[in-house]
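Below, each value reflects all heavy atoms present in this structure, side chains not excepted, and no hydrogens, waters or symmetry copies.
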Amino acid sequence: MNRVRIKLDNEQRYFDTFRNEEITYTKKTIDFEKPDKVINDFSSSFTLPASPNNNALFGHYYAVDFGTPFNPYKKNQAEIWVGNELWSIGALQLQSVKMENGKPSNYKVQFYSDVVNLKAALNGLTIDKLGWQDKNHNISISNMTTYLTGTEINGMRYPMASAESLWRWSGSTEENTRNIISTGDGVLNRELRPAIKVSEVTQRIFDAAGYEYEVDFAAESYWTELYMWANNAKKIGTNPPFSKVGLSNTNAITLTEEEIKTLLMPTEFKDEQNMYNPTTGVFTIPNSTTYSMDISLNGISPVEYAISINGSVGAYNTMPVNTTISLGALTQGDRVKVLIKNPVPKGTGGDRYNTGRRPAEVTIANVAVYTTTASALDTMDVGSVMPKMSCEEFLRGILNTFNAIIYWDKVNEKYIIKERDAWLASGNEYDLSKYVDISSAIIEPPTGYKEFAFKMADGKDYANELFKANNSKEYGEAIAQTGNYFGGQYINQNPFVPSVWQEVVTVDAYGEATTESRVCAFNCVSSDGKAVESGVRLMYYQSMATATSNLVVADFNGNKDVPFNRYQLFRNFNSTSEVNLTYSEEYSFHNAKVTTVSGAPFLRSDTLYTKFYRDYINEIYNPNRRRNKVSLKLPFGVATLIQPNDKITINKQAYRIEEINVKLLSGDVSLKLITTDG
């Protein structure tokens, strides 16, 4: 009989154990019927005596008023030793203390294997907190044109995707839409967001956790060309920041002789930086830099104007119909206003400005305060637009997407991410025929589910909502029938949001596409053009593509850069690996111009289901498969070697391991096995 010892690492001491109490240890890294689950090894619950040594190690937990109690909620690192061999490293959970006559009798505990606790190391860290300052860059219209037309910037690319407006190709522009053709509004520089390689996001996560890792499929194009869109529905500033306000032409400001008024414009046309107060007429400067002011008049009697900055009034000058005034270098929080004055002296019958003591009148078209100097508002602050998903959830999403698992490589001391089929294929093969009598096994069909539902996170943008309304399901989801008459539905939930890539078109009054652009894009906005929470979206960089005519990048003031017709094509589909980022068939962006188009558009059939899940599920639910439960006694060395991805042979029949249960004292082993091909 083996001797089992439990060591509490932080104390570097062993617990006293009941020498005759059996501890069953379970190895079940995966659940064959739940491919999205990864499970740690664990022990059965067992008891430890309430000896003076154990009472001290547990900090006299039973005594509520004890000064330094044992904390059952934190990870208490522990080791299991069988004889002189280290069996497992993990955490010991205290479940209860049994009291008798007011004194502790024993402690009920359970052990969970966790060689390296990645979750604890990340401690709730979110993607936006991974230190993206090195990715910040200028978003001038010339730079954005360069990025859209093929230049990779510091490991990032810009897809044709808007975070703020609906795109059209021609025709009149509706509210919150932009006609992105070169003769129209153009693509707004600030509505674009960069896409960052998933491999880099993953690297930063493991760097933050302090562990090395390896992706077994790192050379595959479905990994190397996979990007994550950096968007969380947060709007960003643009160059130039400005405030533009005005009155209708019929309203005039009147001034009697020598009267001075603050130029007030109660109707705001646009005030993107919230600079202007229509009650006080004050512009509050949002960012420290150099500013100018433009004033345009629709009607005028000669008046004079002066600029007040923080209460200091400059000289009065005659106001022309149109003027540009240099305000100079201003500091964030500075207060600027325009004073206008009727220069006619009181009591005079008339002068060079007025006759008959008529009051002066001025009608304002608009006033704009702006800067043309680069500032923080010209910068794409990548961290500020990053999704706020937890790093742990992001990694789970990657595993789910590619039907992969993550495990700790004890020899090389690093994490390994590997496709499940590749992980199973990498195991060893052991012939256990001499240790087991298969004739006494329990044989049953693999229990399970009638169907597998592969779901993705709910998309709030108009294209996803429209697809859901028209098809009564989420875009990208699929339901796979297992052939099992019994059982329910298992939901495999992917945390990423699918993007409905569509051609940028003009839509007629009936919602039909009337033009062709060959521009593949998506708009992360609602049906009325308002930004929505995007969720985490993955996409593939495909190649450069050509539009039917020129596009252009513009800023909010309408300034445009040089037109172009070549752009970076992003889609859900990676043509090299023939992998598509949805579980169901996907529309071709060109033939399905909008989701309301009638007919049968071309569909991509290379899905996540067909690529990574179909064969696996078909294998599990093959009518020829059987689940066998067998008991055997193995030498300790053999029991230590067997891992869940190994293949077992018994009397020439091959099996996959579903579960290994080892009784550490006796060495008895029970296996749950599923038949497989040799």
Testing the basics here: between [X] and [Y], what is the closest heavy-atom pair and its distance to 0.1 Å?
X	Y	answer
P194	M156	CB-SD, 3.9 Å
D381	S384	O-OG, 2.7 Å
M160	W501	O-CZ3, 3.8 Å
K560	T183	NZ-C, 4.0 Å
R193	A230	CB-O, 3.2 Å
A404	F217	CB-CE2, 4.3 Å

*State which residue, out of Y609, Y222, Y613, fulfils the ring pair (Phe, Tyr, Trp, His ring centres under 6.0 Å) condition with F402.*
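So, applying the ring pair (Phe, Tyr, Trp, His ring centres under 6.0 Å) to F402 and each of Y609, Y222, Y613, only Y222 qualifies.
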My understanding is that only residues two or more places apart in sequence, or in another chain, count here; which of them pass side-chain contact (heavy atoms from CB on, under 4.5 Å) with [X]?
X	answer
A453	K455, I479, Q489, I491
T126	D128, K129
S549	W169, I181

Can any side-chain N or O of [X] pair as donor or acceptor with the backbone N or O of [Y] at less than 3.5 Å?
X	Y	value
N189	I139	yes
E503	S517	yes
K530	V525	no
W132	I127	yes
S390	L125	no
S221	T224	no
T506	S170	yes
S182	P563	no
N471	F467	yes
Y567	C520	yes

Do the side chains of [Y] and [X] get nearer than 4.5 Å, heavy atoms only?
X	Y	value
Q203	V201	no
D606	V579	no
Y407	Y415	no

*Using a strict cut-off of less than 4.0 Å between a Lys/Arg side-chain nitrogen and an Asp/Glu carboxylate oxygen, indicate whether R190 and D555 qualify as a salt bridge.*
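Not counted as a salt bridge, because no side-chain N and carboxylate O are separated by less than 4.0 Å.
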*Looking at E200 and K197, does any basic side-chain N land under 4.0 Å from a carboxylate oxygen?*
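No, E200 and K197 are not salt-bridged.
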Pair [X], [Y]: side-chain N/O donor-acceptor within cut-off below 3.5 Å:
X	Y	result
S527	E465	no
S142	D561	no
T607	T582	no
D185	N179	no
R566	T546	yes
N494	T401	yes
W167	E191	yes

*With Y540 via ring-ring contact (aromatic ring centres under 6.0 Å, His included) - residues at least two apart*: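 Listed in chain order: nothing, the list is empty.
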_Can you confirm if the NZ or CZ of R420 lies within 45° of the ring axis of Y616 and under 6.0 Å from the centre of its six-membered ring?_
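Yes, R420 and Y616 form such a contact.
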*asked:* Nearest 0.5 Å, please: how far is CD1 in I398 from OG in S199?
replied: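 So the gap between those two atoms works out to 10.0 Å.
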*Interatomic spacing from CD1 in I405 to CG in N403 - rounded to 0.5 Å*: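 Spacing of CD1 (I405) from CG (N403) equals 9.5 Å.
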_According to salt bridge (charged side-chain N to carboxylate O under 4.0 Å, His left out), who are the partners of R157, at least two apart in sequence or on a separate chain?_
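Once residues adjacent in sequence are excluded, the partners of R157 under the salt bridge (charged side-chain N to carboxylate O under 4.0 Å, His left out) criterion are E152.
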*So I417 and L399, side-chain contact (heavy atoms from CB on, under 4.5 Å) or not? Walk me through it.*
CA-CA 8 Å; I417 297 175; L399 301 181; 3.9 Å; yes
Which donor-acceptor pairs under 3.5 Å do the side chains of residues 531-538 make with protein atoms, sequence neighbours left out?
from : atom 1 : to   : atom 2 : distance (Å)
S534 : OG     : N231 : O      : 2.9
S534 : OG     : N231 : ND2    : 3.4
R537 : NE     : S534 : O      : 3.0
R537 : NH1    : S499 : OG     : 3.1
R537 : NH2    : D461 : OD1    : 2.6

*Determine the interplanar angle of the Y449 and F452 rings, folded into 0 to 90°, and report it as parallel if under 30°, tilted if 30 to 60°, perpendicular if over 60°.*
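Perpendicular.
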*Evaluate ring pair (Phe, Tyr, Trp, His ring centres under 6.0 Å) for F496 paired with W229, printing each intermediate quantity in order.*
CA-CA 11 Å; F496 302 137; W229 196 42; over 10 Å; no
